[in-house]
Amino acid sequence: MSESDDSVRARVAALREQLHAHNYRYYALDEPSISDAEYDALFRELQQLEQQYPALRSADSPTQRIGVAPLSAFAPLRHRLPMQSLNNAFGDEELREFDRRVREGLGRSSVDYVAEPKLDGLAVSLIYRDGVFEQGATRGDGETGEDISANLRTIRGLPLHLHGAVPDLIEVRGEVFLPHAGFSKMNQDAAARGDKLYVNPRNAAAGSLRQLDSRVTAQRPLALYAYGVGYSEGWQSPARHTEVLEQLRNWGLPVSTLIEAVHGAEGCLDYFRRMQARRGGLPFDIDGVVFKVDELAAREELGSVARAPRWAIAHKFPAEEAETVLENVDFQVGRTGALTPTARLRTVFVGGANVSNATLHNMDEIARKDIRIGDTVIVRRAGDVIPEVKGVVLEKRPSDARVVEMPALCPVCGSDVRRDPEGVIYRCIGRLVCKAQLKQSLQHFVSRKAADIEGVGEMLIDELVERERLKAPADLYALTVADIADLYKSAEVAPAKLIDAIAKRRSLPLPRLVYALGIPEVGETTAKDLARHLGSFVRIRRARSEVLTLIEGIGDSVAKEIRWFFGDEHNASAVDALLAQITIEDEHPVSAALATRASLSQLLALQQIRGLGPVKADALTVGCDSVEALMQRIDGADVGQWLDDRTAAGVREYFAESRHRQELLALEQQLRAFGVFDAQTQTADTPAGALSGRSFVLTGTLALPRDEVAAQIEAAGGRVSSSVSAKTDYLVAGEAAGSKLAKAIKLGVTVIDYDALRRLIDGQDLLQ
Ligand code: IVH
């Protein structure tokens, strides 16, 4: 086949056209019509053809977006028309003032404006000759920019050629920016490589666009919006900016869909307020809005002053980010002893308020962002969120900047600080000896959802702790009127009333008590779940991790925290002291749900033995009434009667370790002591049925309507939930099952169809 072969040429042209069209749909319309994989396939086909037939290569091919060999420097590029900047208006009055000047300048009573988002990126100039992208530059000083053509070419939203009738030459002006999603991805990648993080999308976009190696730029998910036209040749400009924008769109350039035509100053202000409200929800940063006189002839009439036009103005939002100096880092000790680094900043006005403290999250974040004391940092405060230090302006780092170090001893109580073995958390081991932990534990204990003791506020607790009249929650119940009489000012209510309020809470419902203890990771819901299912404080305190995880909603990590809390000596004695003061209400036997889940089969399935899911665990335990009996069965010669060879081997291997046997026996013993795991002691309300204790999720089109299938499952004692988790026993999948099926497969959940469900309900063995 010769290089001029028509069919190859036609295919190459068709592929280019298709890829252009898909780029346009994706970047300009935000309405992709094919998947990324399909796009990639078309792209690769074109790439191969171009490689095979070099004569068919072309600068405006979509394959040219992958970047080219690095430059040693950017060449200067003189703008044919200067790239001006905008004057700013801060506040409504300044905006009205702008409108007044425009009206006076034009001698009109009202003016039409075009309102646009002010994109927080970098201004670029794009030259198209005969419709083909030829050259592009940064703004530079407004007169001369830098030739960044190679980098711009890699931006997928930038059309390499224009559609329809095109002028001989046209300069398009616009903004290159990095949407939030792309910014997060860049930072995730940077974190994975152990590189420094980018401070904000604007800096990341600037860094990407100023790469000398365009192959690097090609990896950055930059976007572009066009917002105007500069120089042109052979083009009859329309009369209005709105029409210019329409033309840009028709040529295939991405133009923001947030742009609106508005009328007069009030129309502008209304747009400003609507954009301010939408700002947080937009997929990219905007730092304000821009208003431009719509009529181009009127712009001519108004002209420019200095380097900014009289016909446009930027109405800025209050900055959500500001630079300031990190003067020091303090460590605050939380209720559970976790030490959180807090930035002490040179006070700066940001997001509409003065900020002098900001969170630094944790030590890993500090290391990742390479934040040092003395650094100039970027502080962000958006809406009501706690101000945070986003990153460092490295160019401004002083030579004596100090690395932030975690103190070895707690700044409050002097106890040792230890790093959580798995996590990034450092904790003071002082527990209630540490006044910071004690104060917060007490505040938590008296709070509304916990013991709900009215009138004991933060100030009173602080004073009582400082005077050492409170050393643990139990001490609250020993307080007398005399103890607080001298602190009357801090008490919101009279001392006698306060003592009364405390006395009223000598009796606590179990869920409140569990929540009030302040166990890490145990919020109100988990406390309620623990109380409902285990029924007594002793059981909650003693429950082994596996037993805790039998409760729906409690995973391994929460179970571990609960075990840690009760296993810790300090906590144990504080709990004992408290129990000596109070009575617990609402204790009851273990819940039916837990009783049914706590079956031999479930315990076995929980051991995560290779090849042994819930169905096979069911099969293996049929007729066994104890762990002892189960172990005999496993050790016996005929285990193959219940299991296939592979699973049998996995089970034998597991039980070859005596540690595993001991664990299972201990679990059994605990459950028997809890009054479950014993046919005789099962509570009366245990739903009898073949599906007792099993959880199901339904997906796809089943033989019957879903609610009927759900009713059948529930009638047989099973539970139906709406989402798949590791605790799901079965996914019942019908036709056209989608993401739930994928998730179930990923989690190793047994997938069955409706027929298999019927067999389960009828008590048949699924393995047959
Ligand atoms: S018009 C003379 N429109 O703001 C008109 N600029 O302070 C000049 N910008 O350098 C630009 N969004 O980087 C215009 N919709 C928009 C804009 C916008 C962001 C930036 C641009 C420019 C700076 C001017």
Side-chain angles (χ1 to χ4, degrees), residues 28 79-90 94-95 98 101-102 113-126 136-146 148 152 155 157 171-179 200-206 208-210 222-232 237 240-242 244-246 248-249 253-262 268 271-272 274-276 278-279 282-296 298-317 319:
H79 300 302
R80 291 171 168 90
L81 283 176
M83 285 182 82
Q84 294 182 306
S85 63
L86 293 168
N87 287 322
N88 290 318
F90 292 98
E94 289 185 22
L95 190 275
F98 159 77
R101 282 195 306 270
V102 169
Y113 295 99
V114 176
E116 306 181 359
K118 187 167 190 302
L119 306 154
D120 204 4
L122 295 105
V124 291
S125 147
L126 311 168
T138 59
R139 176 169 178 273
D141 63 4
E143 302 290 332
T144 306
E146 286 175 316
I148 51 163
L152 288 167
I155 300 176
E171 180 198 6
V172 176
R173 302 255 172 105
E175 193 91 348
V176 170
F177 60 97
L178 198 57
N200 55 36
R202 205 197 109 83
N203 288 15
S208 304
L209 214 46
R210 296 205 71 261
L222 293 169
L224 163 89
Y225 274 138
Y227 52 61
V229 165
Y231 180 78
S232 68
S237 166
R240 288 179 173 268
H241 183 54
T242 34
V244 172
L245 294 174
E246 200 46 45
L248 291 173
R249 266 195 195 109
L253 284 147
V255 174
S256 170
T257 50
L258 299 171
I259 297 178
E260 285 178 27
V262 296
C268 291
Y271 179 84
F272 176 80
R274 282 186 287 118
M275 279 302 136
Q276 197 167 20
R278 287 185 65 178
R279 182 187 192 185
L282 295 177
F284 45 78
D285 278 354
I286 62 175
D287 56 351
V289 296
V290 182
F291 301 116
K292 302 173 180 172
V293 171
D294 192 17
E295 232 181 281
L296 302 186
R299 291 185 179 186
E300 291 290 322
E301 220 174 300
L302 288 162
S304 302
V305 238
R307 287 154 149 234
R310 281 207 194 84
W311 46 263
I313 195 143
H315 192 180
K316 300 280 273 281
F317 297 135

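Read the numbers this way: they start at 1 and go in the same order the structure lists the ligands and their atoms.
Within the set Tyr227, Trp311, Phe177, Tyr225, the minimum heavy-atom distance to atom 14 (C) of ligand 1 is found for Tyr227. When Lys118, Arg299, Arg173 are checked for heavy-atom proximity to atom 4 (O) of ligand 1, Lys118 turns out nearest.
The only member of Thr138, Ile148, Leu152 that meets side chain to side chain contact (heavy atoms under 4.5 Å, CB included) when paired with Val176 is Leu152.
For the pair Glu116/Ile259, a side-chain contact is recorded, criterion being any heavy-atom separation below 4.5 Å from C-beta on. Side-chain atoms of Tyr227 and Arg173, non-hydrogen and from C-beta on, do get closer than 4.5 Å to each other.
Nearest non-hydrogen protein atom to atom 7 (O) of ligand 1 is Leu86 N, 3.5 Å. In terms of protein heavy atoms, atom 8 (C) of ligand 1 is closest to Gln84 O, 3.7 Å.
Considering both main-chain and side-chain atoms, Leu119 comes within under 3.5 Å of ligand 1 through a nitrogen or oxygen pair. The shortest N/O to N/O separation between Glu175 and ligand 1 falls below 3.5 Å.
Classification of the His315-Phe272 ring pair by plane angle, with boundaries at 30° and 60°, yields parallel.
Residue Ala308 places no heavy atom under 4.0 Å from ligand 1.
Within the listing of ligand 1, atoms 2 (C) sit less than 4.0 angstrom from a heavy atom of Pro309. The ligand atoms of ligand 1 that sit less than 4.0 angstrom from a heavy atom of Pro117 are 12 (N), 15 (N). Counting the atoms of ligand 1 from 1 in the order shown, those under 4.0 Å from a heavy atom of Glu116 are 3 (N), 15 (N), 16 (C). Within the listing of ligand 1, atoms 10 (O), 13 (O), 21 (C) sit less than 4.0 angstrom from a heavy atom of Ala123.
Proximity of a side-chain donor or acceptor of Arg299 to a complementary backbone N or O of Asp294 within less than 3.5 Å is not detected. A donor-acceptor distance shorter than 3.5 angstrom exists from the side chain of His79 to the backbone of Arg139, with no hydrogens or angles considered.
Enclosure of atom CZ in Arg101 by more than 12 non-hydrogen atoms of other residues, nucleotides or ligands within 6.0 angstrom is indicated. Remark: Arg210 CZ is loosely packed, at most 12 non-hydrogen atoms of other residues, nucleotides or ligands lying under 6.0 Å away.
The side chain of Lys292, and not its backbone, has at least one atom closer than 4.0 Å to an atom of ligand 1 (non-hydrogen atoms only; side chain from C-beta on).
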